[in-house]
Colleague: 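Here's a structure for you.
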Amino acid sequence: KAPGGGIDPEAATTALLEGCAPACAGPRPRGADVWTAIAARCGPGALGLGKERAYLASADWWILSRIATWIEATRAEPVDDKQLPAQIEHATQRAAFTLPLPARNLDGRYTLPPSRRGRRSDARIYLIVNAAEIRAGAVPIAHLRGPELAVAAGAGGGFPGSLVDEGQLGQVFAEDVALIGRDRGDASVVPILLVDAHATVARVATVFAELGVSRAEIGVAGVAAEAHPVVIERATSENAAAPSLVVHDPSGAGSIALQGFGDDRATTWAGLDDELDHFAAVNAPVRRLALVTDGTVTAQQLVQILDACARAHVASLVMPAR
């Protein structure tokens, strides 16, 4: 259990490793890179992964691979129920599971900013955003076929996806959505942006605008890449009247202004959580805020703002225009 209640993911991962995973010498790694460390220490083969798919190392992968092995062993055993093999075959043909992406990846050149607010993402398409390039691809899907999991890479090929030329993102994204809709069901689920912690909000806003979607998730670092519960939203006539969060001095101690409802107030990065929580409580309900920046705000600072929004029960942050 975590100190505040609920499940402690690190403790759960440790328990899983102690009970099931390959025996690796030395102390158990912990933290956001736990499975990357295990794959590096034991070798990806110990997890049923080839070197080219070491990025898939995760609790999800380990559990699903054990299930696949058990199903294959069960198929080979004599059973009294003659219908059971056909039922197992039917069930595994329909069973498909999205796999988490890494919170840090050298090939994709990103390290996600941390947040304790992360949750499992339902995204089917991911985009990697750093200062130099953009990549796009489909979230990998595992099928329980045979003793080894069958992984469908989908649009963009294998992780970390395909490079996208500047100005072509909208077209590539539309093509990926069409493929996802044809092959994997609901393509309307919002994409997840895996933004390097040092990339700027201006960069994120440009990529987001080119996508042509109304909402997107921001990836944060957990044991794997997770989605922040506060989504980003594009500016429309519907949200034009949203109160604003204005960042005046991102590089220093900074001054931040909350403006709207005739209740303008100033705060700092250190006081943002409490001030926004109070602002939202006094002026409830505050469903969204419009972000305005006077300088270079990083993705790490963006996640700090999203964390404050989550505490204040603000559901979305309207991104600045490009």
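Here the structure is a predicted model, which means the values were calculated and not measured.
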Colleague: For Ala227, enumerate each residue passing the side chain to side chain contact (heavy atoms under 4.5 Å, CB included) test, keeping only those at least two apart in sequence or located in another chain.
Modeller: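 Applying side chain to side chain contact (heavy atoms under 4.5 Å, CB included) to Ala227 gives Arg119, Ser121, Ile192, Glu217.
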Colleague: To the nearest 0.5 Å, what is the distance between CG (Leu49) and CG (Leu56)?
Modeller: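 Those atoms lie 6.0 Å apart.
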Colleague: To the nearest 0.5 angstrom, please state how far the CZ atom of Phe97 sits from the NE2 atom of His143.
Modeller: 10.0 Å
Colleague: Donor-acceptor pair, distance only, cut-off 3.5 Å: does the side chain of Asp263 make one with the backbone of Gln259?
Modeller: no
Colleague: Decide if atom CZ of Arg215 counts as having more than 12 heavy atoms of other residues, nucleotides or ligands within a radius under 6.0 Å.
Modeller: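 12 or below, so no.
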Colleague: Mind checking whether Ile128 and Ile134 have side chains closer than 4.5 Å, heavy atoms only?
Modeller: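 No; the side chains remain at least 4.5 Å from each other.
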Colleague: A quick test of your reading: do over 12 heavy atoms of other residues, nucleotides or ligands sit less than 6.0 Å from CD of Glu175?
Modeller: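 Atom CD in Glu175 is crowded, with more than 12 foreign heavy atoms closer than 6.0 Å.
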Colleague: Compute whether any side-chain donor of one residue and acceptor of the other, for Gln300 and Gln304, lie under 3.5 angstrom apart.
Modeller: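 There is no such pair between these side chains.
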Colleague: Shortest non-hydrogen contact from Thr98 to Asp60?
Modeller: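 Result for this residue pair: O-OD2, 4.5 Å.
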Colleague: Under the rule for side chain to side chain contact (heavy atoms under 4.5 Å, CB included), what residues qualify as partners of Ala235, not counting sequence neighbours?
Modeller: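 Listed in chain order: Asn239, Val318.
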Colleague: Which heavy atom of Ala138 sits nearest to which heavy atom of Tyr126, and what is that distance?
Modeller: O-CE2, 3.3 Å
Colleague: Just verifying a value: how many Å separate Gln301 CD and Thr293 OG1, rounded to the nearest 0.5 Å?
Modeller: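 Going from CD on Gln301 over to OG1 on Thr293, the span is 10.5 Å.
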Colleague: Are Val204 and Leu193 close enough that some pair of their side-chain heavy atoms sits under 4.5 Å apart?
Modeller: yes
Colleague: Does Asn283 use its side chain to pair, donor to acceptor, with the backbone of Phe279 at less than 3.5 Å?
Modeller: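 Judged by distance alone, yes, a pair lies under 3.5 Å.
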Colleague: Step by step, would you call Leu258 with Leu276 a side-chain contact (heavy atoms from CB on, under 4.5 Å)?
Modeller: CA-CA 8 Å; Leu258 294 168; Leu276 179 54; 4.0 Å; yes
Colleague: Any side-chain heavy atom of Ile256 sitting closer than 4.5 Å to one from Thr268?
Modeller: no
Colleague: Is the closest side-chain heavy-atom distance between Leu127 and Leu194 below 4.5 Å?
Modeller: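 With C-beta onward as the side chain, the pair stays apart.
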Colleague: List, by chain and then residue number, the residues other than Val282 in its hydrophobic cluster (Ile/Leu/Val/Met/Phe/Trp/Tyr, side-chain heavy atoms under 4.5 Å); write none if there are no others.
Modeller: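 For Val282, no cluster forms, as it stays isolated from other hydrophobic side chains.
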Colleague: First locate atom OG1 of Thr298, then atom CG of Leu302, and finally report the distance between them rounded to the nearest 0.5 Å.
Modeller: 8.0 Å
Colleague: Among side-chain atoms of Glu233 and Ser316, is any donor-acceptor pair under 3.5 angstrom?
Modeller: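 Yes, side-chain donor-acceptor contact under 3.5 Å.
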Colleague: Give a yes or no on whether the backbone of Leu99 and the side-chain of Trp61 come within a donor-acceptor separation of less than 3.5 Å.
Modeller: no
Colleague: How are the rings of Phe159 and Tyr110 set relative to one another: parallel (under 30°), tilted (30 to 60°) or perpendicular (over 60°)?
Modeller: perpendicular
Colleague: Taking all non-hydrogen atoms of both residues, which atom of Leu144 and which atom of Leu64 are closest, and how far apart?
Modeller: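 Smallest heavy-atom distance, with atoms named: CD2-O, 3.7 Å.
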Colleague: Apply side chain to side chain donor-acceptor pair (under 3.5 Å) to the pair Asp277 and His313, showing each step before the final yes or no.
Modeller: CA-CA 8 Å; Asp277 192 29; His313 304 290; 5.7 Å; no
Colleague: Using 4.0 Å as the upper bound for N to carboxylate O, is an ion pair formed by Asp107 and Arg109?
Modeller: no
Colleague: At their closest point, which heavy atom of Pro44 faces which heavy atom of Ala54, and how far apart are they?
Modeller: CB-CB, 4.1 Å
Colleague: Tell me every residue that passes ring pair (Phe, Tyr, Trp, His ring centres under 6.0 Å) with Phe208, counting only those two or more places apart in sequence or in another chain.
Modeller: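 So Phe208 forms no ring pair (Phe, Tyr, Trp, His ring centres under 6.0 Å) with any residue.
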Colleague: Quick one: does Ser244's side chain have a donor or acceptor within less than 3.5 Å of a partner on Val246's backbone?
Modeller: no
Colleague: Assess whether a salt bridge exists between Arg124 and Asp176, defined as any Lys/Arg side-chain N lying under 4.0 Å from an Asp/Glu carboxylate O.
Modeller: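 So Arg124 does not pair with Asp176 through a salt bridge.
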Colleague: Which residues pass the salt bridge (charged side-chain N to carboxylate O under 4.0 Å, His left out) test with Arg203, sequence neighbours left out?
Modeller: Glu166
Colleague: Counting C-beta onward and ignoring hydrogens, is there a side-chain heavy-atom pair between Leu272 and Asp307 closer than 4.5 Å?
Modeller: no
Colleague: Any idea which heavy atoms bring Pro243 and Val286 closest together, and the distance?
Modeller: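 Looks like CG-CG1, 4.1 Å.
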Colleague: Determine whether Ile305 and Val220 fall in the same hydrophobic cluster, where Ile, Leu, Val, Met, Phe, Trp and Tyr are linked whenever their side-chain heavy atoms lie under 4.5 Å apart.
Modeller: yes
Colleague: Is there a path of hydrophobic side-chain contacts, each under 4.5 Å between heavy atoms of I, L, V, M, F, W or Y residues, that connects Phe261 with Val292?
Modeller: no
Colleague: Using the rule given for side-chain contact (heavy atoms from CB on, under 4.5 Å), can you reason through Arg117 versus Arg311, listing the C-alpha separation, both sets of side-chain angles and the distance that settles it, and then say yes or no?
Modeller: CA-CA 9 Å; Arg117 303 280 184 176; Arg311 177 180 173 181; 3.4 Å; yes
Colleague: Does the side chain of Glu275 come within less than 4.5 Å of Asp273's, by heavy atoms?
Modeller: no
Colleague: Tell me, do Val129 and Asp196 make a side-chain contact under 4.5 Å, heavy atoms counted?
Modeller: no
Colleague: Does either side chain, that of His198 or that of Asn130, offer a donor lying less than 3.5 Å from an acceptor on the other one?
Modeller: no
Colleague: Kindly determine whether Leu112 and Val195 satisfy side-chain contact (heavy atoms from CB on, under 4.5 Å), including the steps that lead there.
Modeller: CA-CA 6 Å; Leu112 297 182; Val195 183; 5.5 Å; no
Colleague: Look at the side chain of Gln168 and the backbone N and O of Asp165, then say whether any donor-acceptor pair between them is shorter than 3.5 Å.
Modeller: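 Answer holds: no.
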Colleague: Using 0.5 Å steps for rounding, measure from the SG atom of Cys309 to the CG atom of Leu291.
Modeller: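 Cys309 SG to Leu291 CG: 8.5 Å, rounded to 0.5 Å.
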Colleague: Please report the closest heavy-atom contact between Arg288 and Val314, naming both atoms and the distance.
Modeller: CA-CG1, 3.7 Å
Colleague: Please say yes or no: joined through hydrophobic side-chain contacts below 4.5 Å, possibly via intermediate residues, are Ile125 and Leu163 part of one cluster?
Modeller: no
Colleague: Can you tell me which residue pairs pass the salt bridge (Lys or Arg N to Asp or Glu O under 4.0 Å) test with a partner in residues 135-144, sequence neighbours excluded?
Modeller: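 Residue pairs passing salt bridge (Lys or Arg N to Asp or Glu O under 4.0 Å), neighbours aside: Glu133-Arg135.
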Colleague: Would you mind reporting whether Ile232 and Ile218 have side-chain heavy atoms less than 4.5 Å apart?
Modeller: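 Ile218 vs Ile232: side chains touch.
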